[in-house]
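Below: the structure, in structure tokens.
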Amino acid sequence: MIHYIIRRLIYALPLLIGVNILTFVLFFVVNSPDDMARMQLGQKHVTAQAVDNWKKQRGYDLPLLWNDAGQGLETVTQTVFYQKSVGLFWFDFGISDSDKRNIGADIKQRMWPSLAVALPSLVLGLLVNITVALMMVLFRNSYLEFSGVVLCVILMSISSLFYIIGGQFLFGKLLRLVPISGYDGGFNAIKFVVLPVLIGVVSGIGSGARWYRTLFLEEVEKDYVRTARAKGLSETQTLFRHVVKNAMIPILTGVVVVLPLLFMGSLIMESFFSIPGLGSYTIDAISSQDFAIVRSMVFLGSVLYIFGLLLTDISYTLVDPRVRLS
Amino acid sequence: MMVVLWTDALIYLLLISGSGFWLYMRGRATMQRPIRKVGRSKTGMVSLTVLLLFVCIGLLDSIHFRTDEERSNEIISLLDYWASPIRQKSEKTYSAPFSAYLFGKELMAADEGKQVWGYPRLKHGAAHLADPDSELADDVLIKTLTGLAEGLVFSLLPLGLLWLLVRKREDAWLKQSTGKTVIAVVVVLISVVFTAIELSAHYHILGTDKVGEDVFYQAVKSIRTGLVIGTLTTLVMLPLAIVFGILAGFFHGWLDDVIQYIYTTLNSVPGVLLIAASILMVQVYMANHPDDFTSLIVRADMRLLFLCLILGVTSWTGLCRMLRAETLKLREMEYVQAARALGVKQGMILYKHILPNVMHIIIISVVLDFSSLVLAEAVLSYINIGVDPTTYSWGNMINGARLEMAREPAVWWSLAAAFLFMFTLVLAANLFADTVRDAFDPRRAEHE
Amino acid sequence: MSSNLSMKLAEQRVLFLVLLTLFLNLAGCDFSQLNNPYSKTEDNQAVLYSSFTERPKHLDPAVSYSANEYVFIGNIYEPPFQYHYLKRPYELEPLTAERMPAVQFLDGNGHQLSADADERLIHYTDYVIQIKPGILYQPHPALAKSDSGAYLYHHLTDVQLDGINTLNDFEQTGTRELTAEDYVYQIKRMATAKIQSPISELMKNYISGFAAFYDQSAGKSLNEISTLPLEGVVAESRYTYRIRIKGKYPQFIYWLAMPFFSPMPWEADVFYDNPRLTERNITLDWYPIGTGPFQLQENNPNRRMVMVKNPNFHDDYFPDQGEEEDRLNGLLTDAGKKLPFIEKVVFTLEKETIPTWSKFLQGYYDVSGISSDSFDQVVQFSGTGDPNLTADMQNKGIHLQKAVSSSIFYIGFNMLDATLGKNGEKSRKLRQAISIAIDYEEFISIFMNGRGIPAHGALPPGIFGYAEGKEGVNPYVYDWVDGQPRRKDIHYAQKLMKEAGYPGGVDSKTGQSLILYLDTPATSIEERPRMNWFRKQLKKLGIKLVIRGTDYNRFQQKMRAGNAQIFMWGWNADYPDPENFFFLLYGPNAKVAFGGENAGNYQNPKFDRLFRQMRNLNNNEQRYKLIQQLQDLIRHDAPWLFGLYPEDYVLHHGWYTNVKPNLMANNRLKYHKIDPVKRKENRQQWNAPIFWPLGLFLLLLIGLIVPAVIAYRKKIRLALND
């Protein structure tokens, strides 16, 4: 097990380097450091001197990927790419290009609002989806299942933007039950988070419940379930004792993959509700072309993604002893 | 003079390859059963009918030519030409559906040179009525009935002919209950189309937007954008996913490692960034080659094409992974092992044995992806990295309509129109996808 | 065995109730304002609630150069002078200075010249500024001293840094008196490459010794530069300092009212120069130290910025003079009262316009702009065309403020372009024809809801030299009819097109229709109708307009390279002086050749000569005449299509008083006043929550599930009986 984890971690290294090169190339194919400097310096009284100063202070005055002037190793190390990438591997994100804030500190601060929305959405969503799916399985071949399936398809066919716009309009503006947008620390966060979480859950019911339903149905028709039923166990008993237990494996492993990515927040939800999380951080950085932040967030995202894959593998062994990692 | 835009050309290509694929499938015995199953499903066939209506509109909108009206040299499509009455009749600003007046009050010249603060009449909407307050409801009713009647006549004539043709054949599909339902739906759809045409000639049936453009026209024009994104993306994605997925699964070793490395890397970079970067690249390219993009519609088309390309690049990984896993399984099957032992060339094995057996996964994933791509377009437009702002698309409509909801009273019709059209398309696509999945998935087929 | 399920359901129901009560408890057991985004405790305080859309990037006065940052630092830092809050036209008055500065002209040898000396003799101008004694800085850890008089936090130890996450975590604070040396130090900071002041390149041309200091200070730490002498800026005594500028530059006084020239205690740079603080984002860029009416208490640019009253704020009083209309509007009732009136200001980050607007209507923001989408809801025009608030707004007690801003939105023609610029008389006629064809009156009415004035020249109203009436009309685009300017007929423009060699928009040489390009960085969906409109306007002349939308960087690059043809541009004045507008057309400021602000690369020796004469004059009759000549020149040459001067409409609630738009002053907050009692009443009245749809929804859900459960039980019973 330990061996396996270590090997996976070593595999992660080329992956992260690849991600980093990709981000770097994507960003600088269209943007030169000069462009970045001018973008950040604004419109008035920008001189070539100011642009040079800006680049020098932020370390963009070196060649991008290859330094012809350097000797030996310096051809690689004395470049923007090397200088900017190395720190990432021990999570030293440096300072942002636009306002010189410490990115690490900002990420730590903005992580919590993201989690405050994403985690309840996930947990509640899971509960609601499983409940709805179970109901549909329990009442299968009745009008309730049929209407449930139809409802799911309908819910799935609505763009998430409609949920957000509609939710804000209904609960915030018409019924005045929650603040329209914003965020606050501590317990005050609850009133701000209620609506985004609700919308997150409702918009996820369609696809989530449908998927869980198929998982349950697959289990229901397996032989052992038939045996259980033949033994005289009632429908609810078989459902809860056998079906749910076995269907939980794919459900849980599906959840584990996304767990680490919860930190990254939801792009759309956060900017609509002006929640100061990591999702809106990324969007802002892209629109203001702050390369330092974009690079850090992409790196963080891929680290979390790889971590999620690892967690999934491990969770397989935990729930199913037959699986051995090799 | 006909003009073929990049996306047009790809749509034609898609149409040709789609028909080719259809013929290929019909010819294969293994595909007969699922196809027949889809054909028997009422929901499936009804939603397919609705989808076909959308596709027809999209195709009409994909045949472009230059007009020489007023030397403007505009590029318009067949649909635009056909819808010229609504396209050109724009009001000053917002007006509600079926309204005869502007939505906002304005200073108007009244009798004796005085000015009054009130709702001015529309230039085109309900302009043929002398006193809209009393006549409007009746007129709308009459026009609706006329439209319905026209639709009935128009659709029953060819359907009647069709009926005469198949009357003799006992097992004709049209005589089964699914066939009858589809006929009913076709009649209803054609009637609705005729009613819409009849009404939109005199009214703005879904109102007008901020600059007075007809919302119904916008929503109809958006169909092509939605379809293009849903289908062309697949065209880009499929070759990548099929080639890489099957190769990775079939040949172990370094090839597998490299392909896995590529798709894990691509997967770990947030898609938003990839899309934003490529959209930026197109803009830079266009800025550097201004002479190639003198027409707005060509610029917008280029951006749409790139959006499809990049969406394809970001979305092939999922299918690729599934195909790899399936190929891994198939590789160990006896018949494949036997073919190998007999010395059949590897390329032949891939083509003869592996590809046909993963076909159902490909079909299912294509129909399933379609609706999520249509939905994704709206979200991307919201973050300004979607289609060009000048392109008609539901995403752009929603994006513009967000602000309108904050007005008092709210301007709801742009949002509602986008919702209605998008919902219909995505719902039909989802229902059809369900049917296809039920029919093609071998695991489900067992339960029949 | 369905009891299992029903028990589970019952459990869930209990859990739900517990959660619900918990939630209601947390919301303060008060159903009257569930949507209140603030904590209840602030309800009775004079707190001002406002929003910001773009996060500030720099709060260091030497670096900050944007309006959204001035909202904060303008109220925290105090330059020596300020704009009078009420008087119009804008007028400077002393802030921390005792009086307006003594201006002395010097010749090349340093001998003093008389005030009316010939400009050519003046080599230097001295500004001697005396500041008031007894002004204290806000409480700040950088100034905290131990009993023995040593600075507590200048060399931070690990023990001291323990548990420090924001500036408020420091236990001790201190203050000290403002001295002239602090003003000098700030100018030295601007003259340091390390600080990257956006105006350092500009100031090199003006302040004597600035450029030399820039080179000398390179590589030196901030601690060292405080002792390094800057030739042109010297503290003559504890309360007096002198700035020497090259030649004559009367507009320099306006710079002295901008936050760039605020005081900075040297202690601040010593304190913040610590990597351990930088790691925690505790830098001068984020935690200002000033003498102004407010100090920054909470700094979270990701969510909200909170300013509170500075306890050490010096004596400052509401002005007792103003315009006649101010007296009528009750703006002078607080004359002579001590400032500021507001205890606390809370700025919340709002990126979307809908929530901002809704919260304003709910009473959670005290002030708001009007987006064009909500305009109809807010403003209606009376029979005479005057804007008024609608009845809805009036019932809510909302007030409307209007002001023409000191900005201009224009369309520039690139004078380096072969078609539009370099073709002599023909190009000029083409430009004039376009100027007539693009109907800006219609533009203002369609796209700006009438919030703008069509421009007839480079100067907006309120700037010296702006001419009213017939004198101020652009005769090349308008006719003067019945005491009103009227846009020339389109046929006249078509005639000009013919003279320019493009009859009916077709190039008579090539026989092709003329294609022009408009470059714009605006590519968003909201811009589409505007771009369509522009195309329609040029179609009137038969010209085909192609819009080339690119991103901002590409657009800037094009402008620098001179590749644009027609472009939309705007200028917001730094200070209310005509020089700040005409320099945008001054030859030596050309963008392509010199990297200046003359984006259209307009070159006219006569204009340049007149401009040089005009810029250094005081506002007198001679200057006025020169300005009219300049205006006439550019109206004739038409390097710009003078678009419009935007008008700002601002709404504020009735409990927010003493508000008068002042586009120059950055420190307006200290004059404003809040009535928390009235606000609380209104908020309660407007925000009663509506619960019944929730109950309806629950009933619906139960109605759906109950029959199913009954049916299921029946089925089970049947199965058991079998």
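Lettering follows sequence order; numbering is per chain, from 1.
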How long is the gap from [atom1] on [X] to [atom2] on [Y], to the nearest 0.5 Å?
X: T265(B); Y: I21(A); atom1: OG1; atom2: CD1; answer: 9.5 Å
X: R437(B); Y: T214(A); atom1: CZ; atom2: OG1; answer: 6.5 Å
X: F162(A); Y: W394(B); atom1: CZ; atom2: CH2; answer: 10.5 Å

Contact origin within [X] toward chain B - heavy atom pairs under 4.5 Å:
X: F272(A); answer: both
X: I154(A); answer: both
X: I165(A); answer: side chain
X: V303(A); answer: neither
X: T282(A); answer: neither

So with a 6.0 Å cut-off around [atom1] of [X], is the heavy-atom count from everything else above 12?
X: F89(A); atom1: CZ; value: yes
X: F24(A); atom1: CZ; value: yes
X: Y11(A); atom1: OH; value: no

**Request:** Go through I164(A), T23(A), L217(A), L26(A) and name the one with the most non-hydrogen pairs under 4.5 angstrom from chain B.
**Result:** L26(A)
Given that the side chain runs from C-beta out, which part of [X] has a heavy atom under 4.5 Å from chain A: side chain, backbone, both or neither?
X: T264(B); answer: both
X: A378(B); answer: both
X: L274(B); answer: both
X: L415(B); answer: both

Provide the closest heavy-atom pair for [X] versus [Y] in the form atom of the first, atom of the second, distance.
X: V379(B); Y: S160(A); answer: CG2-OG, 3.7 Å
X: F419(B); Y: I158(A); answer: CE1-CG2, 3.8 Å
X: S268(B); Y: V19(A); answer: OG-CG2, 3.7 Å

**Prompt:** Judged by atom type as modelled, is there a donor-acceptor pair below 3.5 Å linking the side chain of Y305(A) to the main-chain atoms of V269(B)?
**Reply:** no
**Asked** Are side-chain heavy atoms of N399(B) and L161(A) found at a separation under 4.5 Å?
**Response** no
**Prompt:** Which members of residues 425-436 of chain B, sorted by number, sit under 4.5 angstrom from chain A on a heavy-atom basis?
**Reply:** V426(B), L427(B), N430(B), L431(B), D434(B)
